[in-house]
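Predicted model, so just to flag it, every value in this text is computed and none were measured.
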Amino acid sequence: MSGAKTALKPPDGARAPVRHPDAPAPGDVLGAHYEGCFGCGQEHGLGLELRAGDGVSVTAEFTVRTGHQGAPGLAHGGVLTAALDEALGALSWLQGAPPSGSAVTGRLETDFLRPVPMGTVLHLDARVTAVHGRKIYCMATGRTGGPDGPVAVRADALFIEVKVDHFIKNGCSEEIDAALADPDQVKVARAFEVNP
């Protein structure tokens with residue numbers, strides 16, 4: 001492996017993102033893609049409730065709780081990055097229903113612009129900016145004080161479209177078998193929509 005970084009800037013010939021005709025309507029709650037997910041599962045982790053936005057975008061609110069601290073009283077940078085990554089990963093659901101709408105994080109670059117104190121509601125906004133083959137270029141912001149407040153954290157990312165076989169081949173077989181056994185086929189498809 002050469003160690004060369006994958007560019008976050010779309011190459012010449014990249015196309016504008018297209019919202020799938022069957023994508024959830026703007027304002028619809030996307031729901032957890034998998035209850036065991038650290039980002040959107042409600043049982044543990046961040047518990048993000050993502051909503052479809054206009055075009056190929058999603059929004060969410062993330063409340064920084066005690067267990068999300070790094071320095072005393074402030075959000076841990078890794079937790080903020082995880083929240084942005086979860087919002088970015090949900091974008092694939094708007095481009096095509098899984099399994100064709102599954103994508104994994106290829107590269108994620110986060111900029112921390114201001115501290116995020118415990119108790120803050122971070123307003124997340126993520127959107128696809130371009131698509132080139134299986135590569136999905138996207139960006140996200142986390143704002144304090146409201147959806148139009150100052151940007152506290154932002155990320156640029158590259159996601160790679162994958163087939164469901166990627167998850168089956170690389171995941172824990174016990175968890176995969178349980179997810180595949182769910183009678184709700186939409187939940188089965190969505191369980192494999194994001195994560196490496």
Side-chain angles (χ1 to χ4, degrees), residues 10 14-43 45-63 80-106 108 120-149 151-164 166-167 179-180 182-195:
R15 63 179 172 80
V18 176
R19 186 186 188 97
H20 193 276
D22 295 331
D28 282 358
V29 174
L30 299 180
H33 71 91
Y34 171 60
E35 278 305 316
C37 175
F38 176 77
C40 65
Q42 297 302 311
E43 210 172 289
L46 306 180
L48 292 182
E49 184 176 87
L50 296 148
R51 292 185 179 275
D54 293 327
V56 185
S57 70
V58 298
T59 61
E61 291 181 1
F62 168 54
T63 302
L80 296 176
T81 300
L84 292 173
D85 185 51
E86 184 65 24
L88 290 160
L91 292 166
S92 65
W93 184 244
L94 301 178
Q95 294 184 107
S100 64
S102 299
V104 295
T105 310
L108 177 66
T120 298
V121 176
L122 199 61
H123 298 266
L124 305 177
D125 178 83
R127 57 193 61 246
V128 175
T129 57
V131 177
H132 189 260
R134 293 177 40 228
K135 295 179 178 180
I136 303 164
Y137 297 85
C138 41
M139 56 83 58
T141 57
R143 296 174 180 269
T144 59
D148 297 320
V151 175
V153 60
R154 67 176 173 227
D156 290 303
L158 171 66
F159 276 69
I160 309 297
E161 185 179 327
V162 296
K163 301 292 183 202
V164 73
H166 167 83
F167 303 99
L180 290 171
D182 193 312
D184 183 338
Q185 290 301 296
V186 171
K187 280 180 70 179
V188 169
R190 289 210 58 217
F192 301 100
E193 86 180 3
V194 294
N195 295 327

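- One finds the CD atom of Glu61 at 14.0 Å from the CZ atom of Arg143 (value rounded to the nearest 0.5 Å).
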Val128 and Tyr137: side-chain contact (heavy atoms from CB on, under 4.5 Å), yes or no, with the steps? CA-CA 6 Å; Val128 175; Tyr137 297 85; 6.0 Å; no
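- Residues His132 and Pro10 fail the side-chain proximity criterion, which asks for heavy atoms closer than 4.5 Å.
- A 4.5 Å side-chain heavy-atom check between Leu50 and Val29 finds every atom pair outside the cut-off.
- Residues Ile160 and Gly106 approach most closely at CG1-CA, 4.4 Å, considering heavy atoms.
- Side-chain atoms of Asp85 and Thr105 include a donor-acceptor pair closer than 3.5 Å.
- Within the model, atoms OG1 of Thr59 and CZ of Arg127 stand 9.5 Å from one another, a figure rounded to the nearest 0.5 Å.
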If you apply the rule side-chain contact (heavy atoms from CB on, under 4.5 Å), what do you find for Asp28 with Arg51, and how did you get there? CA-CA 5 Å; Asp28 282 358; Arg51 292 185 179 275; over 6 Å; no
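- Once rounded to the nearest 0.5 Å, the distance linking NE2 of His20 with OG of Ser92 reads 12.0 Å.
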Please assess Val18 against Val56 for the test side-chain contact (heavy atoms from CB on, under 4.5 Å), listing each intermediate value before the final yes or no. CA-CA 7 Å; Val18 176; Val56 185; 5.9 Å; no
Given the rule in the side-chain contact (heavy atoms from CB on, under 4.5 Å) test, do Leu122 and Thr144 qualify, once you have shown the distances and angles that lead to the verdict? CA-CA 5 Å; Leu122 199 61; Thr144 59; 3.9 Å; yes
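- Between the Arg19 side chain and the Pro24 main chain, a donor and an acceptor come within less than 3.5 Å of each other.
- Between Leu84 and Val153, some side-chain heavy-atom pair lies under the 4.5 Å cut-off.
- In this structure the side chain of Leu91 never reaches within 4.5 angstrom of the side chain of Ile136, judged on heavy atoms.
- Taken to the nearest 0.5 Å, the CG atom of Leu30 stands 6.0 Å off from the CG atom of Leu94.
- At a threshold of 4.5 Å between non-hydrogen side-chain atoms, the residues Pro17 and Gln95 count as touching.
- Once rounded to the nearest 0.5 Å, the distance linking CG of Asp156 with OG1 of Thr129 reads 7.5 Å.
- In this structure, CZ in Phe159 is found 14.0 Å from CZ in Arg134, a value given to the nearest 0.5 Å.
- Residues Gly142 and Leu124 come closest through the heavy atom pair CA-CD2, 3.9 Å.
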